[in-house]
Protein chains: 2
Amino acid sequence: MKSKQTSFDIAYRAGVSQSTVSRALRNSPLVNEETRRRVQEIAAELNYKVDKNASSLRTQQSGTIALLLFEDPTNDDSLINPFFLSMLGSITRASAKKGYDLLVSFQQMSNDWHADFEDTRKADGIILLGYGDYTDYEEKLVKLIEQETHFVRWGADVKGLSVVSVGCDNFHGGYQVTEHVIKQNRKNFAFLGGVTTGSPEFLDRYKGHCQALKDNNLNVDSNLQIDAVSTDESGYLAAKKLLENGVAFDAICAASDLIAIGAMRAVQEAGYNIPNDIAVVGFDDIATASFTFPAMTTAKQDTVLAGELLVDKLLQLVSGEEAQTQLMPTTLVVRKSCGS
Amino acid sequence: MKSKQTSFDIAYRAGVSQSTVSRALRNSPLVNEETRRRVQEIAAELNYKVDKNASSLRTQQSGTIALLLFEDPTNDDSLINPFFLSMLGSITRASAKKGYDLLVSFQQMSNDWHADFEDTRKADGIILLGYGDYTDYEEKLVKLIEQETHFVRWGADVKGLSVVSVGCDNFHGGYQVTEHVIKQNRKNFAFLGGVTTGSPEFLDRYKGHCQALKDNNLNVDSNLQIDAVSTDESGYLAAKKLLENGVAFDAICAASDLIAIGAMRAVQEAGYNIPNDIAVVGFDDIATASFTFPAMTTAKQDTVLAGELLVDKLLQLVSGEEAQTQLMPTTLVVRKSCGS
DNA sequence: ATAAAAAATACATACGTATGCATGCGCAAT
DNA sequence: ATTGCGCATGCATACGTATGTATTTTTTAT
């Protein structure tokens with residue numbers, strides 16, 4: 001690197017003091033209009049940039065948000081859930097829009113993640129992203145609260161903890177897609193997704209699913225519910241198990257698009273036609289969903305809005321304001337995979 | 001936040017000076033074995049974390065890598081090319097493995113990105129990610145070099161500039177997939193992807209494609225080459241144009257998986273069977289590729305290796321060592337979309 | 001013209017760490 | 001006993017910025 005320019009260099013060139021330079025660059029009203037212009041001119045000319053470390057040290061603000069992405073530990077390390085990847089994209093954009101940098105970190109829900117970023121002053125706040133299906137998750141949240149760390153999280157509300165969450169209405173989403181399939185005159189529904197062991201998100205989707213069935217006087221057959229985590233492979237295996245089961249069904253509601261994608265493959269390999277023989281619907285509306293064959297009907301989670309909400313609420317917390325947990329509605333996206 | 005602990009607090013508790021604390025925590029050999037243990041114990045007990053801003057200010061090292069992701073400006077803002085998203089994931093992992101944090105930033109190749117992160121001392125080096133199809137791209141690279149910024153980039157080598165690049169052998173990849181399709185007895189090849197206007201990556205793939213055709217005494221019909229950028233929509237439109245063209249073909253080589261996905265949809269909507277009527281192959285091997293119908297044959301770029309190489313080489317540069325541009329081989333992934 | 005008020009700038013310091021240099025201490029060699 | 005040496009630690013300072021306070025300059029009011 002070339003010898004870095006400091007505010008003293010600018011000050012010398014401009015014939016003013018360092019403090020005036022600092023104020024001029026931050027557009028302080030304390031400095032004369034013309035002086036400011038001259039200082040900014042010289043700064044631009046010398047390609048001067050404020051040293052963020054020094055600045056952050058002085059102000060105790062980093063202008064940075066940390067994003068901690070928790071991945072399903074059962075996953076291979078090279079793959080990332082596309083839904084979260086999409087969230088990552090929207091969060092990056094949302095924070096850029098607010099003038100914040102984004103520090104991204106993948107975590108395995110291991111030891112000390114809860115203490116890392118804000119304590120080291122590298123970030124002003126933390127966004128937690130991932131399915132909330134970890135055993136010691138709440139425990140860590142409590143520690144975060146104790147440390148008075150600024151953070152928000154994606155997912156279903158956590159009862160009993162004063163945590164700001166942004167999530168989508170999984171119950172309603174599950175209800176919505178199921179209802180849509182019911183309208184296509186399907187009677188025997190299978191559900192693919194971890195219910196007993198899985199994430200609260202999946203459970204809510206299942207509950208919505210069941211409620212829709214009940215409201216329409218249809219059976220909830222527990223033989224037709226197969227656990228699966230959110231990978232295509234898991235969906236594939238679950239669907240295979242379902243088919244071997246022997247119980248007849250004409251519709252599959254998957255807890256996520258990835259599961260649905262795997263299920264579609266298994267169903268098609270078994271020789272069934274989608275949607276004529278079996279309707280399949282997903283959840284999330286990941287990019288791939290519109291390019292499956294047939295294109296998948298699903299419940300869309302608005303990741304762009306979600307990213308903005310997460311960032312906005314986090315910044316509210318950082319600036320000392322209150323912020324509220326918020327549930328976003330899902331949107332039914334009708335394509336071809338369920339007959340209309 | 002609770003009142004932050006500083007190294008002075010630790011020093012007071014341990015009955016030593018602040019400098020000894022600093023040394024002890026960094027495992028300096030200058031400090032006595034037992035003192036070190038005691039200091040580290042107390043630090044852990046008080047949940048003390050080194051203030052990275054102060055530390056970075058003092059050492060002039062941030063322990064952070066910046067990733068600048070350039071997106072196709074023609075894209076809608078909410079979508080990110082899944083291939084680059086996958087790269088982002090592997091780079092995140094690779095830098096974490098090296099103990100570096102990752103600062104992610106989306107750029108529109110706008111004004112001052114080239115000066116931003118390293119100059120502000122927020123990052124020790126920069127990784128440039130994106131297709132190299134921007135008009136003023138080289139110009140900016142030159143500025144980066146002039147500033148003596150540490151950076152590496154993804155993509156084809158840039159002739160004439162001493163820039164460290166990591167890319168894959170697009171020519172060979174294009175050759176490889178085309179050759180494979182030729183072996184399936186296809187004779188009339190279409191190519192979808194921007195050649196005249198597009199990125200150097202696409203151009204190299206096309207060149208490899210053409211070379212394979214020539215080596216097998218097949219025609220290169222320029223009527224069967226349609227420009228497209230790397231989105232499914234663009235691929236869809238390009239394939240539609242191709243079909244309306246009226247020129248017969250029995251194989252489509254797409255410059256990327258996304259283009260191939262769009263093309264597959266267009267072809268299927270037109271009533272053709274893949275691969276019986278028309279073979280389709282892609283490039284990249286994004287996650288979706290294995291879940292199209294039929295599953296897509298493609299040239300895989302090893303994103304995990306790429307991420308590690310990029311990070312390793314960047315860190316070499318940061319530590320003052322030399323680093324070499326490297327070309328990675330592609331791997332042919334045979335699935336169902338081209339008849340075998 | 002002079003005092004007071006306002007505006008613009010300079011001075012001084014703190015943020016928390018890392019590190020060169022000085023100091024102190026114990027012990028061996030003279 | 002004095003010198004010398006190595007080891008462990010403390011002292012002092014610098015990294016570059018932002019900001020409270022002091023100071024100077026300019027303007028306004030009398």
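For the numbers below, each heavy atom of this structure counts, side chains included, while hydrogens, waters and symmetry mates do not. A note on names: the letters A, B, ... follow the listed sequences, proteins ahead of strands, and every chain is numbered from 1.
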When rounded to the nearest 0.5 Å, the distance separating CG of Leu317(B) from OG1 of Thr149(B) is 11.5 Å

Give every pair of a protein N or O atom and an N or O atom of nucleotides 7-11 of chain C that lie under 3.5 Å apart, one pair per line with the distance.
residue	atom	partner	partner atom	Å
dT9(C)	OP1	Thr35(A)	OG1	2.5
dT9(C)	OP2	Asn32(A)	N	2.8
dT9(C)	OP2	Thr35(A)	OG1	3.3
dA10(C)	OP2	Ser17(A)	N	2.6
dA10(C)	OP2	Ser17(A)	OG	3.0
dA10(C)	OP2	Thr20(A)	OG1	2.9
dA10(C)	N6	Arg23(A)	NH1	3.3
dC11(C)	N4	Ser19(A)	OG	2.9

Do Val39(A) and Leu25(A) pass the side-chain contact (heavy atoms from CB on, under 4.5 Å) test, and can you show the C-alpha distance, the side-chain angles, and the key distance before you say yes or no?
-> CA-CA 7 Å; Val39(A) 168; Leu25(A) 293 178; 4.2 Å; yes

Give a yes or no on whether Glu322(A) atom CD has more than 12 heavy-atom contacts from other residues, nucleotides or ligands under 6.0 Å away.
-> no

In this structure, how many angstroms lie between the [atom2] atom of [N] and the [atom1] atom of [X], rounded?
X         : N       : atom1 : atom2 : answer
Phe8(B)   : dT13(D) : CZ    : C1'   : 11 Å
Leu57(A)  : dT17(D) : CG    : C1'   : 8 Å
Leu25(A)  : dT19(D) : CG    : P     : 13 Å
Gln61(B)  : dC15(D) : CD    : C1'   : 13 Å
Lys122(B) : dC15(D) : NZ    : P     : 22 Å
Asp51(B)  : dC15(D) : CG    : P     : 18 Å
Lys49(B)  : dT17(C) : NZ    : P     : 13 Å
Arg58(B)  : dA12(D) : CZ    : P     : 16 Å

Ignoring hydrogens and angles, state whether a donor on the side chain of [X] or [Y] is under 3.5 Å from an acceptor on the partner side chain.
X         : Y         : answer
Lys122(A) : Ser56(B)  : no
Gln40(B)  : Asn27(B)  : yes
Ser86(A)  : Thr303(A) : yes

State whether Glu308(B) and Lys97(B) are salt-bridged, where the test is any N-O pair (Lys NZ or Arg NE/NH1/NH2 against Asp/Glu carboxylate O) under 4.0 Å.
-> yes

Looking at [N], I'd like to know if its phosphate oxygens (OP1 or OP2) sit under 4.0 Å from a side-chain N or O belonging to [X].
X        : N       : value
Arg26(A) : dA18(D) : yes
Ser7(B)  : dT17(C) : yes
Thr59(B) : dA18(C) : no
Gln60(B) : dA14(D) : no

Return the minimal non-hydrogen interatomic distance between Trp154(B) and Val166(B), and the atom names on each side.
-> CE3-O, 2.9 Å

side-chain contact (heavy atoms from CB on, under 4.5 Å) partner of Arg153(B), chosen from Leu129(B), Ile127(B), Leu141(B) | Leu141(B)

Between dG16(D), dA18(D), dT17(C), which nucleotide gets closest to the side-chain atoms of Thr6(B)?
-> dT17(C)

Tabulate protein N/O versus nucleotide N/O from nucleotides 25-27 of chain C, keeping only pairs under 3.5 Å, one per line.
none

Ser22(B) near the nucleic acid: base, sugar-phosphate alone, or nothing, with a heavy-atom cut-off under 4.0 Å?
-> base

